[in-house]
Amino acid sequence: MEKTDIHLWLENQKLPLLEKLLSLEEVFWINPKLEKFLNGIEKSPLSEKDVAGAEDRLKRFAPYIAKVFPETSVSKGIIESPLLKIPTMKEKLEQDFGGPILGEFLLKCDSHLPISGSIKARGGIYEILKHAEELALENQLLSIHDDYSVLASEKFRTFFSHYSIAVGSTGNLGLSIGIISAKLGFKVTVHMSADAKQWKKDLLRSQNVHVIEYDADYSKAVEEGRIQAEADPSCYFVDDENSRDLFLGYAVAALRLKSQLEELAITVDENHPLFVYLPCGVGGGPGGVAFGLKLMFQDHVHCFFAEPTHSPCMLLGLMTGLHEQISVQDLGIDNITDADGLAVGRPSGFVGRTVEPFLSGNYTVSDACLYKLLKDLVDTEDIHLEPSALAGLIGPVKLAKEGTDYLQKCDLVNKAGNGTHIAWATGGSMVPKALMDQYYQKGIVNSQ
């Protein structure tokens, strides 16, 4: 749809939040297309069987992961992150925003996932492992009954060196794809948008990854990666906008989270709701996690996406129903934010349509708020995250102050106090200390 057509179409729609969105104000949106789980799953292109298949594949690769990434040896090659209670941060939020957060408040620390230190260590690494497995099986070099640690041998590295990988990224996906691809032996090129941080580019180059930098945003980086792959039959393109495999790799997180909640004796059922707040860029990571959570907990889990005020692409796509046919730039929003992992102008249509029946809502948050939250989390819990990873932390406050209609609609008003809130921390553990100190200083400025 052309820009002029979009503007004419929008003029005829009743979208009460659109003016605030265009004014870069923070908004809270309730999804009117949310359905009961059993109705929504009937329309879904993916199922619990697909997620279980992804989990089985990751288990097959666990011996290889443990061998080549020693930091995963304790978990026997399973890439997983802690789930932490953050009571002091909860008190800080209640103090600053003038109201109680009903229920338990936890932080899911994908910021501290091994190998690449972000949520992208789930989907990104999974997709490359699946591609490697398919190549090895097709060439009769491997059986699914083998010990996959054999993939660490020079024989397999030489085999994979005849193939290449390409991906477009704002940073974290590029890190995960680059690190695992290079480790396996693939030739890998990461097309990095203007938002990508220099340290991420430097780290990739230190791993013998070819990095191409662009002055344009994420969409241009993805477009160039796709062009490279189309020109080379041996090149595999990781399509962050449309990949089912990325999505399924992220969805496995829900199976792991269910076990962690059980270990903490946290109940999720009709009278004990679970609220999850997920930072969102193009949509694959939060979409996959939300889908997996709905498979696990059905109507007892309530998932909200969180986006920067300058990059609300998924909210815009869902709110208008146009999905990938509309970008924030079409409406004059600049897509410039320090939350680099979320600096995406056009959402994934595949993700938007897949999660539309399952997503409870979406909200936006300013960069200034992200920096304040960053500082507060360091001060209260000594946890260091990158700016984009803080977007979920304000979720319980947003829900309490602006989501009362949702709570009433879902009969949650009297149940919220028995519930649990989880903010999904998507990245930060690999940020250089000097840069993290700069982030903290910005947090001080934005706290005044």
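Starting from 1, each residue takes its place in the sequence as its number.
Side-chain atoms of R60 do not come within 3.5 Å of backbone N or O of D146 as any donor-acceptor pair. A donor-acceptor pair is defined here as one N or O able to donate and one able to accept, closer than 3.5 Å; such a pair exists between the side chain of E127 and the backbone of L246. Looking at T364, its side chain does come within 3.5 Å of a backbone N or O of V27 through a donor-acceptor pair. With S348 contributing its side chain and E241 its backbone, the two residues share a donor-acceptor pair below 3.5 Å. Without hydrogens or angle criteria, K294 side chain to V301 main chain gives a donor-acceptor distance under 3.5 Å.
D340 and T170 form no side-chain donor-acceptor contact under 3.5 Å, judged by distance and modelled atom types alone. With no hydrogens or angles considered, no side-chain donor-acceptor pair links E324 and N242 at under 3.5 Å.
Classification of E42 and K36 as a salt-bridged pair fails, no side-chain N sitting under 4.0 Å from a carboxylate O. Of the charged side-chain nitrogens involved, at least one lies within less than 4.0 Å of a carboxylate oxygen, so that E80 and K108 count as a salt-bridged pair. Between K92 and D379, no side-chain nitrogen of the basic residue sits less than 4.0 Å from a carboxylate oxygen of the acidic one, so the salt-bridge criterion is not met. Note on E26 versus K398: salt bridge recorded, some NZ/NE/NH1/NH2 to OD/OE distance being below 4.0 Å. A salt bridge is defined here as a Lys NZ or Arg NE, NH1 or NH2 lying under 4.0 Å from an Asp or Glu carboxylate O, and K130 with E134 meets this definition.
Note that CG of L390 and CG of L373 are 5.5 Å apart. Values are rounded to the nearest 0.5 Å. Here the CD1 atom belonging to I125 is positioned 5.5 Å from the CD1 atom belonging to I180, to the nearest 0.5 angstrom. From L377, atom CG reaches atom OH of Y440 across 11.0 Å, with rounding to the nearest 0.5 Å. Note that OG of S116 and CG of L173 are 9.0 Å apart. Values are rounded to the nearest 0.5 Å. Atom CD1 of I128 is separated from atom CD1 of I179 by 12.0 Å, given to the nearest 0.5 angstrom. Separation of atoms OH (Y277) and CG (L399) is listed at 4.5 Å; rounding is to 0.5 Å.
Inter-residue side-chain proximity for N172 and I119 is flagged as unmet; no heavy-atom pair is nearer than 4.5 Å. Considering only heavy atoms from C-beta on, R256 comes within 4.5 Å of L58 through its side chain. Side chains of E213 and Q198 form a contact here, defined as non-hydrogen atoms less than 4.5 Å apart. Residues P45 and R244 form a side-chain contact, since some pair of their non-hydrogen atoms from C-beta on lies under 4.5 Å apart. The closest side-chain heavy-atom distance from K120 to I177 is not below 4.5 Å.
Other residues, nucleotides and ligands place no more than 12 heavy atoms under 6.0 Å from the CG atom of D215. More than 12 heavy atoms of other residues, nucleotides or ligands lie within 6.0 Å of CG in D56, so this atom counts as buried by the packing criterion. Around the NZ atom of K187, the shell of radius 6.0 Å holds no more than 12 heavy atoms that belong to other residues, nucleotides or ligands.
Scanning both residues, V167 and G174, for their nearest heavy atoms gives CG1-CA, 4.4 Å. Minimum heavy-atom separation, I65 to T72: O-OG1, 3.2 Å. The two residues R205 and V211 make their nearest non-hydrogen contact at NH2-O, 3.3 Å. Considering all non-hydrogen atoms of both residues, A152 and K67 come closest at CB-CD, 4.0 Å. The nearest pair of heavy atoms linking V365 to A391 is CG1-CB, 4.0 Å. Here the closest heavy-atom approach between residue P308 and residue C280 is recorded as CD-O, 4.5 Å.
Taking the ring-ring contact (aromatic ring centres under 6.0 Å, His included) definition, one finds that F69 meets it with nothing, sequence neighbours left out. Remark: F247 pairs with F291, F350 by the ring-ring contact (aromatic ring centres under 6.0 Å, His included) rule, at least two apart or across chains. Judged as a ring-ring contact (aromatic ring centres under 6.0 Å, His included), and not counting sequence neighbours, the contacts of F61 are Y148. Considering only residues two or more places apart in sequence or on other chains, T267 meets the side chain to side chain contact (heavy atoms under 4.5 Å, CB included) condition with D269, H272. The side chain to side chain contact (heavy atoms under 4.5 Å, CB included) test applied to K49 returns S47, not counting sequence neighbours. Applying the ring-ring contact (aromatic ring centres under 6.0 Å, His included) criterion to F237, with sequence neighbours excluded, gives no partner residue.
F105 and H421 have perpendicular rings, their planes meeting at more than 60° on a 0 to 90° scale where under 30° would count as parallel.
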> Run the side chain to side chain contact (heavy atoms under 4.5 Å, CB included) check on L370 and Y439 step by step: do they pass?
Replying inline: CA-CA 10 Å; L370 294 178; Y439 290 157; over 6 Å; no

> Are R122 and S81 close enough, and set up right, to give a side chain to side chain contact (heavy atoms under 4.5 Å, CB included), and what steps lead you there?
Replying inline: CA-CA 10 Å; R122 297 187 184 279; S81 69; 3.7 Å; yes

>> For S311 and N335: C-alpha separation, side-chain torsions, deciding distance, then whether side chain to side chain donor-acceptor pair (under 3.5 Å) applies.
In response: CA-CA 5 Å; S311 304; N335 191 35; 2.7 Å; yes

> When you look at K220 and E224, which way does the salt bridge (Lys or Arg N to Asp or Glu O under 4.0 Å) test go after all the steps?
Replying inline: CA-CA 6 Å; K220 177 65 174 177; E224 291 299 325; 2.9 Å; yes

> Can Q228 and D232 be said to form a side chain to side chain donor-acceptor pair (under 3.5 Å), step by step?
Replying inline: CA-CA 7 Å; Q228 177 193 348; D232 180 0; 5.7 Å; no

> Does the pair K433 and D437 meet the rule for a salt bridge (Lys or Arg N to Asp or Glu O under 4.0 Å), with working shown?
Replying inline: CA-CA 6 Å; K433 184 180 183 305; D437 289 343; 2.9 Å; yes

>> Working note: T420 + V268, criterion side chain to side chain contact (heavy atoms under 4.5 Å, CB included); need CA distance, chi angles, decisive distance, verdict.
In response: CA-CA 8 Å; T420 302; V268 179; 5.8 Å; no

> Would K197 and E386 satisfy salt bridge (Lys or Arg N to Asp or Glu O under 4.0 Å), going step by step from the backbone distance to the final call?
Replying inline: CA-CA 11 Å; K197 296 292 186 280; E386 60 186 358; over 6 Å; no

> Would L293 and F358 satisfy side chain to side chain contact (heavy atoms under 4.5 Å, CB included), going step by step from the backbone distance to the final call?
Replying inline: CA-CA 10 Å; L293 289 170; F358 307 117; over 6 Å; no

>> One pair to check against side chain to side chain donor-acceptor pair (under 3.5 Å): D245 and S243. What are the steps and the verdict?
In response: CA-CA 5 Å; D245 291 330; S243 173; 5.0 Å; no

>> Pair K90, E104 - check salt bridge (Lys or Arg N to Asp or Glu O under 4.0 Å), show working.
In response: CA-CA 9 Å; K90 179 184 177 184; E104 192 82 69; 5.9 Å; no

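For H131 and F186, the gap between ring centers is short of 6.0 Å.
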